[in-house]
Amino acid sequence: MVFAVEKQPVVTRFAPSPTGYMHIGNLRTALYAYLIARHDGGRFILRIEDTDRERLVEGATDVIMRTLAVTGLSYDEGPIVGGEHGPYVQSERKPIYMEYAKRLIELGAAYYCFCTKERLEQLHEEDATGGYDRHCRDLSPEEVEKNLAAGIPYVIRQKMPLEGTTSYVDAVFGEVSVENKELQDQILMKADGYPTYNFAHVVDDYLMGVTHVVRGSEYVTSTPKYALLYDAFGWQRPTYVHLPLLMGKNADGSVSKLSKRHGAVSFEDLVNDGFLPEAIINYIALLGWGPKGENAEVEFFTLSELEKAFSITGVNKSPAVFDFDKLCWFNGEYIKKLDFATFKEKAMPFLHAAFPAEVDVDAVLRLLQGRVSKLTEVEGKSQLFRELCEYDKALFENKKNKVTVESAEALLKAALPCLQALDSWDNDTLYAALLQLSEQLGCKSGAVLWCLRIAASGMSVTPGGATEIMAAIGKAESLARIEKAIAKFA
RNA sequence: GGCCCGUUGGUCAAGAGGCUAAGACAUCGCCCUCUCACGGCGAAAACAUGGGUUCGAUUCCCGUACGGGUCACCA
């Protein structure tokens, strides 16, 4: 029978397990799932998969929800906000899974297994590649009843077909097929009464009406097993959307799955390192997906722009290497776009020590805004406004401006009284005065400014020019630093 | 190791049979400039490989190599 398929509303979900921090790879999965739903005006669900009671980490769910909140990935249904398919935490749905597992047994697609862990370990020792030997697959109903009545611990396993192949069409990878003989009779219900991921996510996705299962490509090969579960229940299979993995570059140049050893990989660590959430989202959106058509050359996307531009067909198949340099570039661009008040608000927490009272903090921050790629850099780059560091007079030497150590001394001595005479002390006044001085002296303005910048900062590379620095640290400190410089020649 | 998947510059990534094979980051150079940065201009840099199919393959097919994933009472 052929149906004229009515377009169903898209429903996606992000289903992390609360076992720690929010990995950047997980965030990208959440982003894509969110975008796929929003692009079509569909629904996005958050579901917490906490069936592994041993790995549970206190507070991990809060981290997940906080991250989604600050990145703007809003969900229509989920813990706390609720929804018509709740609860949205798997441990609160426990009875549901056993009910469906038993139904599967009745359907002949699953069976009770009473094998002990010891026996499984033994099996593994004998043949590490063999897997479970399906010892309990054909137990007689009487035997099962007897064991159940005797209270023998059990698990429930999926009964895989022994022959043939199972395939599915992935929205990213295309058709994927696996020989059924490769499929293990995987455990659906654990001895502790909790379901495994393999079972719980299928039941929940069905019950919650998820139409597109979006997840990392590590699930590509196990998906036929899940498809078989849908088939056994007589449910319509969802569209599978597997995402390429995120990789990190190793010291030796090779790449491997992005992890801690590649640097900060949790969203919160990145934020603590001075990255802006919008920059992170923009960057990771581009890892595994590229804008097409008229947008092909666009680099900057806000979340809502991504919602419009994103499409599954643009998702790449090959793994993408996470490039911290490019993230830094994005971040710097986003920092520049901030209005000053916002920048100041975000930067202040990264300033560890106070400035001397005369220092114009706003002036310092304005200089810094266009020159940092991470908020953490404001601390180091503002150090010279707090105190002058030690430096050698050789620093004054500069061939481009034709300054030698000797001429520097003369220039500084000429500049000092000129600056002392100034009534007001702002960038424009300073600049005008020094320009005039250089004319009187008959030398390049660059020479005068170069010497004063060194004297005012003690560094060859500074966040700002001579007059900007002097304006920020104030007249008294500026003159004191120049005198200190002159003293070096004594 | 079996199975599954992938392969456009160092990285991200357009291009989908005929193009001088986009763009971005990083790199290098030049210009601007009171330093750095910004900005402007420019350079270098890629279709893994061997066979097909085709008038013509980066693009389609097969093999090889390389890379990744997966083989849990973890997700």
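Throughout, protein chains are lettered first and strands after them, A, B, ... in sequence-line order, and every chain is numbered starting at 1.
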**Study point:** Donor-acceptor pair present, A:Thr462 side chain and B:U35 base, under 3.5 Å
**Key:** yes
Check your understanding: Do the side chain of A:Arg371 and the base of B:C36 come within less than 3.5 angstrom through a donor-acceptor pair of N or O atoms?
Key -> yes
In whole angstrom, what separates [X]'s [atom1] from [N]'s [atom2]?
| X | N | atom1 | atom2 | result |
| --- | --- | --- | --- | --- |
| A:His242 | B:G6 | NE2 | C1' | 15 Å |
| A:Arg366 | B:A37 | CZ | P | 23 Å |
| A:Tyr219 | B:C71 | OH | C1' | 14 Å |
| A:Tyr283 | B:C12 | OH | C1' | 6 Å |
| A:Gln184 | B:C71 | CD | P | 10 Å |
| A:Leu243 | B:G6 | CG | C1' | 14 Å |

Say we look at [N] and [M]: how far apart would their [atom1] atoms be, to the nearest angstrom?
| N | M | atom1 | answer |
| --- | --- | --- | --- |
| B:U8 | B:C4 | C1' | 23 Å |
| B:A48 | B:A57 | C1' | 16 Å |
| B:G9 | B:C47 | P | 7 Å |
| B:A26 | B:C38 | P | 8 Å |
| B:C66 | B:A45 | P | 28 Å |
| B:U58 | B:C41 | P | 32 Å |

N/O (side chain, [X]) to phosphate O (OP1/OP2, [N]) under 4.0 Å:
| X | N | value |
| --- | --- | --- |
| A:Lys190 | B:A75 | yes |
| A:Tyr194 | B:C73 | no |
| A:Lys225 | B:C71 | no |
| A:Asn316 | B:A13 | yes |
| A:Lys381 | B:U35 | no |
| A:Thr51 | B:A75 | yes |

Now, which nucleotide makes the Watson-Crick or G-U wobble pair with [N], with each of the two distances under 3.5 Å?
| N | value |
| --- | --- |
| B:A24 | B:U11 |
| B:U58 | none |
| B:U35 | none |
| B:C47 | none |
| B:G17 | none |
| B:G29 | B:C41 |
| B:C74 | none |
| B:G6 | B:C66 |

So is [X] actually on top of [Y]'s ring, under 6.0 Å and inside 45° of the axis?
| X | Y | result |
| --- | --- | --- |
| A:Lys488 | A:Tyr391 | yes |
| A:Lys337 | A:Phe300 | yes |
| A:Arg237 | A:Tyr168 | no |
| A:Lys249 | A:Phe322 | no |

Would you classify [X] as touching base, sugar-phosphate or nothing, given that sugar-phosphate means primed atoms plus P, OP1 and OP2, and contacts are heavy atoms under 4.0 Å?
| X | answer |
| --- | --- |
| A:Gly314 | sugar-phosphate |
| A:Phe322 | nothing |
| A:Val176 | sugar-phosphate |
| A:Leu286 | sugar-phosphate |
| A:Ser457 | nothing |
| A:Cys115 | base |

Review point. Which residue, A:Met247 or A:Gly446, contacts RNA chain B at a nucleotide closer to its 5' end, judged by nearest heavy atom?
Key: A:Gly446
Point to revise | 5' priority, RNA chain B, between A:Val321 and A:Pro463 [closest heavy atom] | key: A:Val321
Review point. Between the side chains of A:Arg386 and A:Gln383, does any donor sit under 3.5 Å from an acceptor?
Key: yes
Revision key, fill the gap. 5' to 3', nucleotides 20-29 of chain B under a 4.0 Å protein heavy-atom cut-off (B base, S sugar-phosphate only, - none) gives --BBBS----
**Study point:** Side-chain heavy-atom pair A:Leu35, A:Leu303 within 4.5 angstrom cut-off
**Key:** yes
Practice item. Mind checking the CG-CZ spacing from A:Leu411 to A:Phe396? Nearest 0.5 Å is all I need. Key: 10.0 Å
Exercise for review: State whether the number of non-hydrogen atoms from other residues, nucleotides or ligands found under 6.0 Å of A:Glu218 atom CD is greater than 12.
Suggested key: yes
Point to revise | Identified ring pair (Phe, Tyr, Trp, His ring centres under 6.0 Å) partner of A:Tyr219 from the options A:Tyr240, A:Tyr197, A:Phe173 | key: A:Tyr197
Study note, to complete from the structure: Testing B:C73, B:A13, B:G2 for proximity to the side chain of A:Ala320, the answer is B:A13
Review point. Which class fits the ring pair A:Phe330 and A:Tyr334: parallel under 30°, tilted 30 to 60°, perpendicular over 60°?
Key: tilted
